[in-house]
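Below, read A as the first sequence line, B as the second, and so on, with proteins coming before strands; counting in each chain starts at 1.
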There are 2 protein chains.
Amino acid sequence: MTDEPLRARYVIAAKSAGAAREVAGAVAREQTLECVPGLASPALERRLLGRVGPARPAAGGFAVAIDYAPELVAGSVGALVNLLFGNVSLLRGVRLVDVRWPGPLLARMPGPAFGLARLREETGVRGRALLCAILKPVGLSSRALARQASALVRAGVDLIKDDHNLAEQDTSPFDERVSLVAAAVAEENARRGRRCRYLPHLTGGGARLNERVERLHELGVTGALVAPLLLGWEATAALAAESGLLLLAHPTTSGVFYGRRHGIARTLLQGELFRLAGADGVVFPNAGGRFPVTLAECRTIAARLRAPLGDVRPSFPAPGGGMDLARVRRWRDVYGPDTVFLLGSGLLQEPHLGRAVEDLLRAVEPA
Amino acid sequence: MTDEPLRARYVIAAKSAGAAREVAGAVAREQTLECVPGLASPALERRLLGRVGPARPAAGGFAVAIDYAPELVAGSVGALVNLLFGNVSLLRGVRLVDVRWPGPLLARMPGPAFGLARLREETGVRGRALLCAILKPVGLSSRALARQASALVRAGVDLIKDDHNLAEQDTSPFDERVSLVAAAVAEENARRGRRCRYLPHLTGGGARLNERVERLHELGVTGALVAPLLLGWEATAALAAESGLLLLAHPTTSGVFYGRRHGIARTLLQGELFRLAGADGVVFPNAGGRFPVTLAECRTIAARLRAPLGDVRPSFPAPGGGMDLARVRRWRDVYGPDTVFLLGSGLLQEPHLGRAVEDLLRAVEPA
């Protein structure tokens with residue numbers, strides 16, 4: 001390894017430092033050469049075999065760093081995830097908690113194409129967090145969703161996104177839903193002088209996905225909600241590089257990574273890997289909502305999304321998952337202005353939508 | 001729900017049947033309407049809210065079935081995975097163990113385009129399991145990998161696949177590697193009268209993925225190794241429907257799903273979901289190899305891959321991950337003839353490759 005290595009820190013559930021280093025040695029081999037000792041030449045072993053550092057006591061076992069040669073990744077997000085936690089996922093008691101990124105590797109990752117700046121430009125919202133309402137529930141017709149969107153634009157939200165479970169259901173097929181909602185938003189924007197943007201859930205793969213991207217451009221839609229773990233790491237990275245759409249990444253199915261003793265820390269997966277894969281913004285469950293997550297983890301995710309990371313553009317945090325409307329002022333103080341707050345059924349059930357949004361807009365104004 | 005429901009059985013880590021049903025109720029809401037009670041109309045709640053069955057004691061807690069309306073899935077594999085374990089993944093102590101599939105839903109899933117029949121036709125191998133060698137390790141030049149492929153064809157293996165960590169590294173970039181290896185295999189086939197097939201690792205997304213599929217067709221390559229959890233559920237399904245390639249699915253990163261108390265049972269994920277997503281064959285770690293998995297689980301995966309499943313074609317099992325060459329006869333008895341055995345570094349380190357393959361071919365002949 002001549003270049004600065006990709007240093008991955010794992011916490012290994014083991015009873016002793018020696019046992020942890022033994023597991024780490026197996027991980028280092030599995031994730032790199034993946035062959036029995038003796039098959040690769042000594043030169044190749046020196047160049048590519050992961051290098052195991054000392055084991056230090058840590059919560060849940062022992063922390064061990066493994067240095068990987070960045071050439072194993074080249075420029076592919078898929079190869080990166082595969083290197084960090086591909087086959088190792090099939091073991092137990094190995095948790096990836098942190099990565100130190102070499103600059104040249106970062107330079108080859110897609111990263112976000114736009115970031116929050118584009119949303120600010122499009123919506124004209126400066127100096128405060130943005131409010132994003134969610135079209136729901138699934139099962140409504142495209143027309144009903146479009147009516148809901150009109151009401152939300154009238155009420156004054158900055159953004160509207162599809163609920164992530166709106167996909168290709170027959171009640172609101174992609175093309176019909178997106179066309180009607182985009183038209184409703186555009187019409188209501190024109191009528192009220194608003195600049196609300198719509199982020200439909202972009203689903204599918206292959207030719208269909210491409211057609212849908214085209215369709216969004218035709219409709220003047222400039223961003224989309226995507227589920228990286230359904231579309232794929234590689235498909236998401238390709239969308240970031242090729243689609244011209246701003247991508248808001250949804251965490252669906254990501255929870256399987258967040259085992260206490262096995263998996264990938266959510267602060268790394270949602271705070272860095274989604275960003276490297278090209279997410280302009282990252283949806284994550286907020287503390288105090290429906291999902292078990294700590295405030296400290298949420299703060300770290302938000303901080304990492306915006307932290308300097310080579311030449312990779314910052315992503316913006318989009319906390320949601322049962323946001324308590326009454327506490328939005330508090331969340332403003334936690335997350336700061338460069339945030340998109342997701343407002344789901346809590347907002348939709350307000351009897352006076354306009355007044356509720358007015359209150360929320362006041363609550364996210366800087367103190 | 002008027003149609004036959006999609007019945008998903010979860011094991012919930014709870015102390016009582018009542019507590020388990022309460023969690024199941026939250027799951028049923030989260031995975032379907034995903035909104036507070038009262039927001040959706042009573043008619044929509046009746047039609048789409050997941051229906052929770054009785055809780056029965058099971059290993060690890062209580063088993064509870066939830067009936068989902070198939071209309072939530074329509075034809076998308078992404079929506080299917082999202083429905084079964086999307087946001088629920090962000091909880092803890094919920095494990096999806098089994099699904100009962102309604103016929104009309106199956107009819108809209110891509111499923112494998114070819115299955116083992118195509119490999120038998122192409123290789124001419126009948127009545128016994130096929131042997132698939134693995135090109136490795138990463139770090140070798142494309143030329144060195146092509147030489148390895150020539151030696152493996154000479155030795156008489158039926159199939160050769162790229163190691164799954166061969167991606168886009170600068171030492172063997174996709175186009176160069178695949179071109180040289182495919183040429184080497186074709187040349188050696190012609191010289192020796194063999195019919196060995198090469199399955200390169202197909203990586204990337206978007207336009208690049210499409211170009212690579214085209215390139216494989218130009219080279220006369222008819223199948224590929226794919227990693228559904230790196231390419232994506234949707235991208236894999238699209239490849240199955242559109243690419244014309246036989247797809248061998250690799251389980252990389254799938255292990256995060258296989259928590260003892262949380263996630264998706266591997267027998268379901270690898271035995272059914274990969275198949276529904278279009279995998280013609282499914283690679284899984286064999287019992288007694290490098291990864292913790294029981295023989296019973298392996299048998300179930302193999303059985304499910306081949307079991308009747310509406311009009312969805314059968315997939316073939318491809319056990320690997322430290323196959324013990326000396327025990328291939330035993331694995332033949334376990335898995336039967338409609339199997340592809342993966343042979344990694346154990347085979348490559350044999351001093352007499354030809355003799356080793358001869359022995360293996362004898363070992364997989366029916367008793």
Practice task
If a pair satisfies salt bridge (Lys or Arg N to Asp or Glu O under 4.0 Å) and one of its residues is in residues 69-84 of chain A, list it, with sequence neighbours excluded.
Solution key: A:R47-A:E71
Could you look at [X] and say if it's the side chain, the backbone, both or neither that has a heavy atom under 4.5 Å from chain B?
| X | value |
| --- | --- |
| A:L229 | backbone |
| A:N87 | both |
| A:L33 | both |

Relative to chain B, which of [options] shows the most heavy atom pairs under 4.5 Å?
| options | answer |
| --- | --- |
| A:L209, A:V293, A:L72 | A:L72 |
| A:H164, A:Q349, A:H262 | A:H164 |
| A:V77, A:L166, A:L230 | A:L230 |

Using a 4.5 angstrom heavy-atom cutoff, name the option from [options] with the most pairs to chain A.
| options | result |
| --- | --- |
| B:T203, B:D163, B:I134, B:V81 | B:D163 |
| B:Q31, B:R108, B:R261 | B:R108 |
| B:S254, B:G205, B:A241 | B:G205 |
| B:A207, B:A79, B:A167 | B:A207 |

Handout entry: 4.5 Å side-chain heavy-atom contact, B:Q270 and B:P251
Key =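 A side-chain contact under 4.5 Å exists here.
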Practice task
Taking the side chain as every heavy atom from C-beta outward, state whether B:L247 and B:L225 have any pair of such atoms under 4.5 Å apart.
Solution key: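 They are not in side-chain contact.
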Go through the atoms of [X] and report whether side chain, backbone, both or neither lie under 4.5 Å from a heavy atom of chain A.
| X | value |
| --- | --- |
| B:R95 | neither |
| B:L231 | both |
| B:L44 | side chain |
| B:T32 | backbone |

Exercise for the section: Verify the neighbour count for atom CD of A:E350: are there more than 12 heavy atoms of other residues, nucleotides or ligands below 6.0 Å? Expected result: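 Enclosed: over 12 neighbouring heavy atoms sit under 6.0 Å from CD of A:E350.
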Practice task
May I ask you to check whether B:S172 and B:Q169 show a side-chain donor-acceptor distance below 3.5 Å?
Solution key: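 B:S172 vs B:Q169: no donor-acceptor pair found between side chains.
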Distance-only check: which donor-acceptor pairs under 3.5 Å involve side-chain atoms of residues 233-240 of chain B, not counting sequence neighbours?
residue, atom, partner, partner atom, Å
B:E234, OE2, B:S76, OG, 2.8
B:E234, OE2, B:G78, N, 3.4
B:T236, OG1, B:G232, O, 2.7

Handout entry: Electrostatic pair B:R208:A:E242 at N-O distance under 4.0 angstrom
Key =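 Looking at A:E242 together with B:R208, the answer is no, because their closest N to O distance does not fall below 4.0 Å.
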Exercise for the section: Answer with yes or no after comparing the ring centroid distance for B:H250 and B:F274 against a 6.0 Å cut-off, counting only values under it. Expected result: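 B:H250 vs B:F274: aromatic centres not under 6.0 Å.
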Practice task
Using the six-membered ring of A:F284, assess whether NZ or CZ of A:R266 lies under 6.0 Å from its centre and within 45 degrees of the ring axis.
Solution key: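 No.
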